[in-house]
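Here is how names work: the chains are called A, B, and so on, in the same order as the sequence lines, proteins then strands, and each is numbered from 1. Please read all numbers here as calculations on a predicted model, not as lab measurements.
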Amino acid sequence: MPVNEKNISNKIDHLFRHEYGKLVSVLTKTFGTSNIELAEDIVQEAMLEALNRWTYNGIPTNPVGWIYKVAKNKAVNILNREKYKRQYASDIAHLLQSEWTVAPTLEQIFTDKEIADDQLRMIFTCCNPIISKDSQVALTLKTLCGFSISEIAKAFLTTEENINKRLVRARKSIKDANILFEVPTGRELEQRLSSVLETIYLLFNEGYNATSVDNPIRYELCEESIRLTEIIASNQIIKSSNTYALLALMIFNTSRFKSRIDEFDNILDLEHQDRNQWDKELIKKGLYYLEFATQQNEVSIYHILATISAHHCTALDFKSTDWKSILSLYDMLIKIDNSPIVLLNRAIVFSKTASPKKALQQLEKIKDNSVFSSYFPYYTTKATLHFQNKESKKAKKLLDDALKKFDTRNHKHLINKVLNDFSGNI
Amino acid sequence: MQEFMIFIKTKGDHLASLSPEQQQAHVQKIGKYIGGLMDSGKLKGAQPLEMGGAVIHGNKGVFKDGPFNESKEVIVGYFHIVAKNLEEAIEIAKANPVFDDSEGSIEVRPIKQMDGIN
């Protein structure tokens, strides 16, 4: 038996995790959406059996094929054993009830094309709006991305019990509503797709808006969000410019991921990041998708945010950023989403094209918004503008207020950074 | 050269709690370990054992079937190896990645050599 570690080299990142997601999708098609957990159990068992055997006999030349075969056999056994006990709400159910047809049927649904389609169906199942957003995200990570419950809990800074509850609720919603394992069509597709993209973007931001820095799982959340969106984008029937726009946005942001943190684990803003560290390949890929996104006459939030992100990614340095174009993009964005956070971000851009003073005047109008009291960047942004406007007293007062509310090491560092930048002004 | 049996003992199914990602990492370590043993000609055989089976207590011709208890430490597999001496056999046993990701114990036992018979 040839044992060659290179078979499963590090180049194939997350191989098992992704194969897990594929297998669970295929088996969910086999058993119906009310049996997602059964599908997961079978895959988990097959992988475990593989591990146990390989620990003593070495790794076969085609480990993934091996796992697939075991999973398939387990599925056949269960179908034979529980033929009359379980209700299989899948459209191939009748073919699976007969010993004559079960093997060829399973053979057919394990082809590459079918697997890709099943993953897409699984995405739409996990992101069905009858499931709460929280649970959608947890279920997606568990069944499609092969995260363990403890890894999901770690990524969301919550307990395993909590994640387990979300998963149980999600599976129950699916069972109760008798959801079909399919990609919606026609008018329904547009609506459901936008809900799917929303969930994926939520998942992405969970990873991107790092509150705890030394947590590699967070980068993986971003990678997974991109992978899932690529599955949707690669489908020939779903032609959606929003999907490409979201893909571009996530890729642009991810290209800057690793430069947002300095060697002391402190978060750096755009102005202080080392642009040489930005991932050029990803930026290229992002531009490619953005071009796709703009071929149809549609403008979504994702289009605007992706274009803003593209401006940052392609600027030579912070100073030469095309603030004018970015400002006009923000003006478009406000028409769709005029939330206080967007207005705050717009004010930063406005301070570059007009002046800090004028930006502060705009912020004055929304200063009483309750969102800001717990939004850390509000304090540092406004303090920076005050410093730039030679109002160091006001700036320092804001930073003092912030210090009372936010006292993690990272927050303190960011406050000190603003103070240092303007030490000459005080 | 001497022959040894290395018994791997864990509580229940020791790798069940690993995520697919961790399983993949484990598989990579296993590949290195077993590949190394095979290449150097030190591995004579190895097998995992099924969970379950029976425990039979015998006492002077009287047998009693006891329960098989998975929650106790049980032998989950064995390696049959050749090594220069016990020290080297212990080194080989310790290099097994199985306990990187789980808890348990290893028993390393020289296979008895009978002069003139083996």
Tell me which donor-acceptor pairs under 3.5 Å the side chains of residues 143-150 of chain A have, and how far apart each pair is, sequence neighbours excluded?
residue, atom, partner, partner atom, Å
Thr143(A), OG1, Leu139(A), O, 2.8
Ser148(A), OG, Ser150(A), OG, 3.3
Ser148(A), OG, Glu151(A), N, 3.2
Ser148(A), OG, Glu151(A), OE1, 3.4

Heavy atoms of other groups near Lys133(A) NZ, more than 12 under 6.0 Å: yes
Value rounded to 0.5 Å, distance of CD in Gln23(B) from CE in Met47(A): 6.0 Å
NZ on Lys29(B) to OG1 on Thr55(A), rounded to 0.5 Å: 11.0 Å
Crowding at NZ, Lys74(A) (>12 non-hydrogen neighbours, <6.0 Å): yes
Interatomic distance, Gln22(B) atom CD to Leu51(A) atom CG [nearest 0.5 angstrom]: 11.0 Å
Positions in residues 114-125 of chain A that reach chain B, provided some heavy atom is under 4.5 Å away: none
Glu19(A) side chain near Gln24(B) side chain, heavy-atom distance below 4.5 Å: no
Crowding at CG, Asp100(B) (>12 non-hydrogen neighbours, <6.0 Å): yes
Contact check, side chains of Asn57(A) and Pro48(B), non-hydrogen atoms, under 4.5 Å: yes
Residues which pass ring pair (Phe, Tyr, Trp, His ring centres under 6.0 Å) with Tyr56(A), listed by chain and number, not counting sequence neighbours: Phe79(B)
For residues 84-93 of chain B, run the donor-acceptor check on the side chains, cut-off 3.5 Å, and write out each pair with its distance to 0.1 Å, sequence neighbours left out.
residue, atom, partner, partner atom, Å
Asn85(B), OD1, Glu87(B), N, 3.3
Asn85(B), OD1, Glu88(B), N, 2.9
Glu88(B), OE1, Lys84(B), N, 2.6
Glu88(B), OE2, Lys42(B), NZ, 2.7

CZ/Arg227(A): more than 12 non-hydrogen atoms of other groups inside 6.0 Å: yes
Check: Gln44(A) side chain, Ala16(B) main-chain N or O, donor-acceptor pair, under 3.5 Å: yes
Toward chain A, the part of Tyr33(B) with a non-hydrogen atom under 4.5 Å: neither
Separation between CZ of Phe16(A) and NE2 of His26(B), rounded to the nearest 0.5 Å: 10.5 Å
Stepwise side chain to side chain contact (heavy atoms under 4.5 Å, CB included) check, Ile59(A) with Val27(B): CA-CA 8 Å; Ile59(A) 300 157; Val27(B) 162; 3.6 Å; yes
